[in-house]
Amino acid sequence: MTQITMGFFVMLELLRPLLLPGLLLVLAALAALAAQARLRHGPIFACRPFLAALALGLAVAVAAFLALPGWTGASLGDLRAWFDWAAALGMAAQIGALAVLLAYPFALLLLTRRG
Amino acid sequence: MTDLPLFDRRQLLRGGAGALALGLAGAPAPAAASVATDARIVIVGAGAAGTALANRLSTALRGARIVLVDGRETHHYQPGYTLVGTGLWEPGKVLSAEADHLPRDIEWVREMVAEYDPEANRVVTESGRSLDYDFLVVATGLSLEFERIEGMEAGLVGREGIGCVYSDPAGTWPVLRGFVENGGVGLFGRPAGDIKCAGAPLKVTFLTLDRAVRAGTRGRAEFVYNADSDALFSVPVFHDIVERRFGELGVAINRRHVLTAIDPGRREATYATPEGPVTLGYDFLHLVPPMAAPAPLRDSPLAWQEGRFEGWLEVERDSLRHRRYPNVFGAGDVLGVPRGKTAASVKAQVPVVAENLVSVIAGREPRRSYDGYTSCPLITRIGSVMLVEFDYEGRLTPTFPFIDPTREGWLPWMMKDRMLRPAYYAMLHGRI
């Protein structure tokens, strides 16, 4: 079994309590995208909503980075080795990227006009 | 409708829904083609090894009659005991219902085995029920032998300043917290002989000390570590690191001190030393009892009858197949092998045992080999761990090459606190 496969199943166990709410959030985002495309006949790609989602994602990433050590009962001061920083920054970046992906469809609805 | 570039929308939705359903349903990972057999396999013990093997063999063998024998209804995530015993985790976090981890197509005999009769290919339960087998897997774990310490019994844990994360982590935390708050003399250490998670006595020492530092009571507490030998850790590089850290933190080290008796009323512990018995007073004693294979196994023909591993399950150290009874395999803490009494060892052993057993059932010789992989996330304080991994020869075998195993870090702590429990359950269900 490759490390990637192993990592997938470990993440699946770790995130199991969040799978259903996560699914609902993804469905809501897809519904927003569909609504934008089919009901409002608006653009799927637009700069302003993307920048808004990006700004939100950056904020989420910063918050995640600051919160991650505390999530494990530790503190920022416990990040000492280079792999500590790399791991915390990497995880925060992934959380921020996810926030961008989920926020973008809603930003499209809010920040563009009907087509 | 705007088409999604590069993907067929229907395929993407189907694949995503399938993966999500798989995750939500908790289905095991897809297995290689299974082997058809009507073999009757008895697995003794529903701990980490037994439960993981039940799941793996259920998938790998089509038609096999698998019987799991264990009287315990609750499954314990033992790697979490140190965190519960030092107040970092709630007790409920290490408990789950055994039934939630078992495949539906096995028979679960809710009793303990009282007798092994490998000549007749059967085991006998406490109620006298005889279970015949074609193949036997022994995964009983081990027994905590408190009675080998004069004056000690398991019920004393959580009272009279005595803690033991191995037997009662929830009961240990209040007495440990009392020591942290009030100070005094804290005695720590480990017994002679093989024990499971040999790093736990060190982890408890480090965490208790860190608790005292954070509480501002370190100046009122004296820490003494009583090592059973000259070594604090079996791998020399980590012995050096621990010895240095103990020195930096002001932990006194007594070598070749083996606990032989306690007087709970007077709070005194007596140790056998090369110079004769030594009695030490304590306010807190983290007592780690001697450990052995459970008595029915120990007293059976399946155990090593003599030598370094006398009393433990006699298996080949690489194939984990019994040396004298070829239809018997073993996994977990019960093994009489040089290393491997950790949950991480079980994770390495289970695929070996499962595949080798399937090979034997299919008429082939075992091909997989266990290299003695052992892992001990050595907690040095809250938020900091050294990810110690090694094999039979004591060679370092890091899973993640970018993590220096001799360096404390937050990332290994995060793994210990957040990732290893999900990994354990994934292993339990046969997915990794």
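Only a predicted model underlies this, so the values are computations on that prediction, with no experimental measurement involved. Lettering of chains follows the sequences in order, A, B, ..., and the numbering in each one begins at 1.
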Task: B:Arg214 CZ: over 12 foreign heavy atoms closer than 6.0 Å - done: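 Yes.
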Between [X] and [Y], which heavy-atom pair has the shortest distance, and what is it?
{"X": "B:Arg407", "Y": "A:Arg80", "result": "NH2-O, 4.0 Å"}
{"X": "B:Gly383", "Y": "A:Ala74", "result": "CA-CB, 3.7 Å"}
{"X": "A:Trp82", "Y": "B:Phe402", "result": "CZ2-O, 3.4 Å"}

Task: chain A neighbours within residues 81-95 of chain B, where any heavy atom lies under 4.5 Å away - done: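 Counting heavy atoms that sit under 4.5 Å from chain A, no residue of residues 81-95 of chain B is involved.
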Is chain B contacted by the side chain of [X], its backbone, both, or neither, given a heavy-atom distance below 4.5 Å?
{"X": "A:Ala88", "value": "both"}
{"X": "A:Trp71", "value": "both"}
{"X": "A:Leu15", "value": "neither"}

Task: Pick from B:Trp410, B:Tyr425, B:Trp413, B:Tyr424 with the largest number of heavy-atom pairs that fall under 4.5 Å of chain A - done: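 When all of B:Trp410, B:Tyr425, B:Trp413, B:Tyr424 are compared, B:Trp410 has the most.
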Open item on the list: Please report the interatomic distance CD(A:Glu13) to CD1(B:Ile432), rounded to the nearest 0.5 Å.
Closed with: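 Going from CD on A:Glu13 over to CD1 on B:Ile432, the span is 8.5 Å.
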Open item on the list: If I measure from the heavy atoms of chain A, does B:Arg381 come under 4.5 Å with its side chain, its backbone, both, or neither?
Closed with: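 Only the side chain of B:Arg381 comes within 4.5 Å of chain A.
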Open item on the list: So, using salt bridge (charged side-chain N to carboxylate O under 4.0 Å, His left out) as the criterion, who are the partners of B:Asp391 when residues are at least two apart?
Closed with: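 In terms of salt bridge (charged side-chain N to carboxylate O under 4.0 Å, His left out), with neighbours along the sequence ignored, B:Asp391 is linked to B:Arg395.
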Open item on the list: Holding to ring-ring contact (aromatic ring centres under 6.0 Å, His included), I want the full list of residues that pass it with A:Phe50, two or more places apart in sequence or in another chain.
Closed with: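 Counting only residues at least two positions away or on another chain, A:Phe50 forms no ring-ring contact (aromatic ring centres under 6.0 Å, His included).
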- [ ] For the residue pair A:Asp84 and B:Pro412, establish whether any side-chain heavy-atom pair is separated by less than 4.5 Å.
- [x]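 The answer is yes, as the side chains (C-beta and beyond) meet within the 4.5 Å cut-off.
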- [ ] For chain B, find which of A:Thr72, A:Val10, A:Leu68, A:Leu14 contributes the most heavy-atom pairs closer than 4.5 angstrom.
- [x]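 With the most close heavy-atom pairs to chain B, the winner is A:Thr72.
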N/O donor to acceptor pairs below 3.5 angstrom from side-chain atoms of residues 97-106 of chain A, sequence neighbours left out:
| residue | atom | partner | partner atom | Å |
| --- | --- | --- | --- | --- |
| A:Tyr104 | OH | A:Ile44 | O | 2.6 |
| A:Tyr104 | OH | A:Ala46 | N | 3.0 |

